> 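Encoded as structure tokens, here's the structure I'll be asking about.
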Amino acid sequence: MGENLDALKAIVSKRDSRSFTAQAVDDETLRHVLQAGRMAGSAKNLQPCRFVVLTDLAHKEELASCGQFSSWIPQAPVNIAIVVPEDGRDFDAGRTAQNMLIAANALGLASCPVTMHDKEGARSVLALPDGLRVAIVLALGYPVPGTTSGMGAQRTPLDEMVHRERWSS
Ligand SMILES: Cc1cc2nc3c(=O)[nH]c(=O)nc-3n(C[C@H](O)[C@H](O)[C@H](O)COP(=O)(O)O)c2cc1C
């Protein structure tokens with residue numbers, strides 16, 4: 001029971017955050033996040049996701065130049081690129097990413113998913129073999145104390161989201 005409640009809290013309290021302290025993420029904490037990604041289920045159990053972990057500032061800056069809204073990611077101590085085959089399912093990458101983001105939240109890390117709009121650029125920065133692409137990048141680090149995470153946007157009310165039996169009901 002207690003464990004379930006902790007999981008629910010980690011899920012519903014997750015907000016995406018783009019400001020981080022300079023504190024490095026230790027290997028054990030990072031491993032928990034990667035392990036959470038590894039354990040996500042995938043269609044036909046293909047397990048298509050692979051992870052490229054970046055901590056080098058210059059390298060993170062190179063990756064940042066491949067997105068349109070990613071100039072801030074070098075400030076995150078860790079960037080994790082989730083890589084899938086060209087024809088890999090984004091749903092599988094999404095499950096993996098969300099597992100990692102929720103695990104990060106449970107571990108006290110701030111995080112945010114980031115789009116790489118320049119797909120070829122991101123492939124080149126990460127030296128991906130042919131046939132692989134970056135599905136999403138996760139920026140992670142410890143939150144700046146006193147700052148509220150996220151951009152404060154409200155979620156759509158549940159009643160607006162949920163339909164019973166048919167759309168019209
Ligand atoms: C698929 C996906 C791509 C995203 N890409 C970016 C991005 O490129 N840059 C960025 O700053 N935030 C990005 N975000 C974060 C969203 O802006 C964020 O999830 C949304 O604003 C909700 O934030 P909140 O949880 O803090 O309310 C992305 C989120 C998702 C799910």
Side-chain angles (χ1 to χ4, degrees), residues 6-22 25 33-34 36-43 46-55 57-126 128 132-162:
D6 286 347
L8 282 178
K9 194 172 172 192
I11 291 166
V12 299
S13 68
K14 170 68 178 112
R15 287 297 174 277
D16 293 332
S17 180
R18 300 164 186 80
S19 30
F20 310 91
T21 68
V25 178
V33 173
L34 296 168
R38 170 181 174 240
M39 291 312 294
S42 55
L46 287 173
Q47 305 184 48
C49 296
R50 297 293 182 270
F51 311 130
V52 183
V53 179
L54 286 75
T55 53
L57 180 62
H59 201 200
K60 289 183 289 181
E61 282 169 349
E62 279 184 63
L63 192 62
S65 72
C66 301
Q68 289 171 10
F69 308 103
S70 53
S71 58
W72 53 272
I73 68 171
Q75 294 151 26
V78 183
N79 295 172
I80 303 173
I82 299 180
V83 172
V84 293
E86 284 295 354
D87 61 354
R89 291 173 173 82
D90 282 322
F91 189 85
D92 288 339
R95 288 191 76 185
T96 295
Q98 186 70 359
N99 265 18
M100 294 166 95
L101 295 166
I102 298 300
N105 190 34
L107 292 161
L109 294 168
S111 64
C112 186
V114 189
T115 308
M116 293 292 104
H117 297 86
D118 175 4
K119 304 237 170 267
E120 275 313 306
R123 288 193 61 244
S124 157
V125 167
L126 300 176
L128 297 188
L132 295 181
R133 67 181 172 90
V134 176
I136 197 82
V137 169
L138 308 181
L140 305 159
Y142 288 96
V144 177
T147 57
T148 48
S149 63
M151 300 194 292
Q154 296 295 308
R155 293 293 191 259
T156 304
L158 200 53
D159 284 350
E160 248 180 71
M161 299 183 80
V162 179

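All values reported here derive from a predicted model rather than from experimental measurement. First listed ligand is number 1; within each ligand, the first listed atom is number 1.
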> Could you tell me whether some N/O pair between His117 and ligand 1 is separated by less than 3.5 angstrom?
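N/O-N/O distance below 3.5 Å does not exist for this pair.
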
> State, yes or no, whether a side-chain contact exists between Thr21 and Pro145 at a heavy-atom distance under 4.5 Å.
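Result yes, sub-4.5 Å side-chain heavy-atom pair found.
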
> Between ligand 1 and Phe69, is the shortest N or O to N or O distance under 3.5 Å?
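Such a contact does occur with ligand 1.
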
> Which one of Pro113, Ala139, Ser71 has a non-hydrogen atom at the shortest distance from atom 6 (C) of ligand 1?
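Checking each option, the heavy atom nearest atom 6 (C) of ligand 1 is found in Pro113.
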
> Arg155: heavy atom below 4.0 Å from ligand 1, yes or no?
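Within the 4.0 Å threshold, so yes.
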
> Is there a polar contact, in the sense of an N or O pair closer than 3.5 Å, between Arg18 and ligand 1?
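So ligand 1 has an N or O lying under 3.5 Å from an N or O of Arg18.
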
> For Ile136 and ligand 1, does the shortest N/O to N/O distance drop below 3.5 Å?
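Among all N and O atoms of Ile136, none is under 3.5 Å from an N or O of ligand 1.
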
> I want to check something: taking the side chain as every heavy atom from C-beta on, are Leu63 and Met116 in contact at a cut-off of under 4.5 Å?
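A side-chain contact under 4.5 Å exists here.
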
> Numbering the atoms of ligand 1 from 1, which are under 4.0 Å from a heavy atom of Cys112?
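Going through ligand 1 atom by atom, the ones under 4.0 Å from Cys112 are 12 (N), 15 (C).
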
> Select the closest option to atom 5 (N) of ligand 1 among Thr115, Ile73, Asp90, judged by heavy-atom distance.
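Considering heavy atoms of Thr115, Ile73, Asp90, the nearest to atom 5 (N) of ligand 1 sits in Thr115.
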
> Pick out which of Val134, Val137, Asp92, Thr96 makes a side chain to side chain contact (heavy atoms under 4.5 Å, CB included) with Ile82.
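Among Val134, Val137, Asp92, Thr96, the one meeting side chain to side chain contact (heavy atoms under 4.5 Å, CB included) with Ile82 is Thr96.
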
> If we only count heavy atoms from C-beta on, is the Ser42 to Pro48 side-chain gap below 4.5 Å?
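In short, these two side chains touch, coming nearer than 4.5 Å.
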
> Based purely on interatomic distance, does Ser70 place a nitrogen or oxygen under 3.5 Å from a nitrogen or oxygen of ligand 1?
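N/O-N/O distance below 3.5 Å does not exist for this pair.
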
> Students often mix this up, so state it plainly: with edges at 30° and 60°, are the rings of His117 and Phe69 parallel, tilted or perpendicular?
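Judged by the thresholds at 30° and 60°, the geometry between His117 and Phe69 is perpendicular.
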
> Are Asp16 and Lys14 close enough for a salt bridge, meaning some N to O gap below 4.0 Å?
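Salt bridge between Asp16 and Lys14, a charged N being under 4.0 Å from a carboxylate O: yes.
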
> Could you tell me whether the side chain of Tyr142 reaches within less than 4.5 Å of the side chain of Leu109, counting heavy atoms only?
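Yes, side chains in contact.
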
